Amino acid sequence: MRGKLMFITGLAAGFVLGSRAGREKYEEIAANAKKVWEHPTVQEAAGVAQAQANKLYTEGKDKLNQSKLGEKLHAAGSTSDSGLSSTGAASVSNSTGAKY
């Protein structure tokens with residue numbers, strides 16, 4: 001019970017402090033975050049991370065398919081990749097249209 005009371009107190013304090021900062025501060029933080037995300041260095045790093053994730057996904061998928069478990073799954077017909085792109089990774093895009 002004491003833990004719940006402390007959590008609710010912390011939540012209320014966060015709400016009050018957040019309300020005081022107001023919408024203007026929120027917009028400033030959001031604009032700075034967008035600026036950072038759209039920076040070419042960050043986009044390049046995101047592209048490298050995406051490429052590495054795709055490679056790891058493909059390697060893991062290949063290893064699984066070559067294992068006994070993968071053979072059993074393949075024989076059972078449950079290795080469908082619906083919702084995945086041709087690279088083997090799910091494609092998600094943000095409001096600027098950048099895929100990650």
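Values below: every heavy atom of this structure, side chains too, minus hydrogens, waters and symmetry copies. Only a predicted model underlies this, so the values are computations on that prediction, with no experimental measurement involved.
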Nearest 0.5 Å, please: how far is [atom2] in [Y] from [atom1] in [X]?
| X | Y | atom1 | atom2 | answer |
| --- | --- | --- | --- | --- |
| Glu44 | His39 | CD | NE2 | 10.5 Å |
| Asn54 | Gln52 | CG | CD | 10.5 Å |
| Met6 | Thr9 | CE | OG1 | 6.5 Å |
| Leu73 | Asn65 | CG | CG | 8.5 Å |
| Lys4 | Ile8 | NZ | CD1 | 8.0 Å |
| Lys63 | Thr58 | NZ | OG1 | 12.5 Å |

Handout entry: Over 12 non-hydrogen atoms of neighbours within 6.0 angstrom of CD in Glu59
Key = yes
Problem - Candidate pair Gln66 and Asp62, rule side chain to side chain donor-acceptor pair (under 3.5 Å), full reasoning - result: CA-CA 6 Å; Gln66 293 172 358; Asp62 291 343; 6.0 Å; no
Exercise for the section: Could you tell me whether the side chain of Gln43 and the main chain of Trp37 form a donor-acceptor pair under 3.5 Å? Expected result: yes
Practice task
Locate the shortest heavy-atom distance separating Leu69 from Leu64; write the atom from each residue and the value.
Solution key: CD2-CD1, 4.1 Å
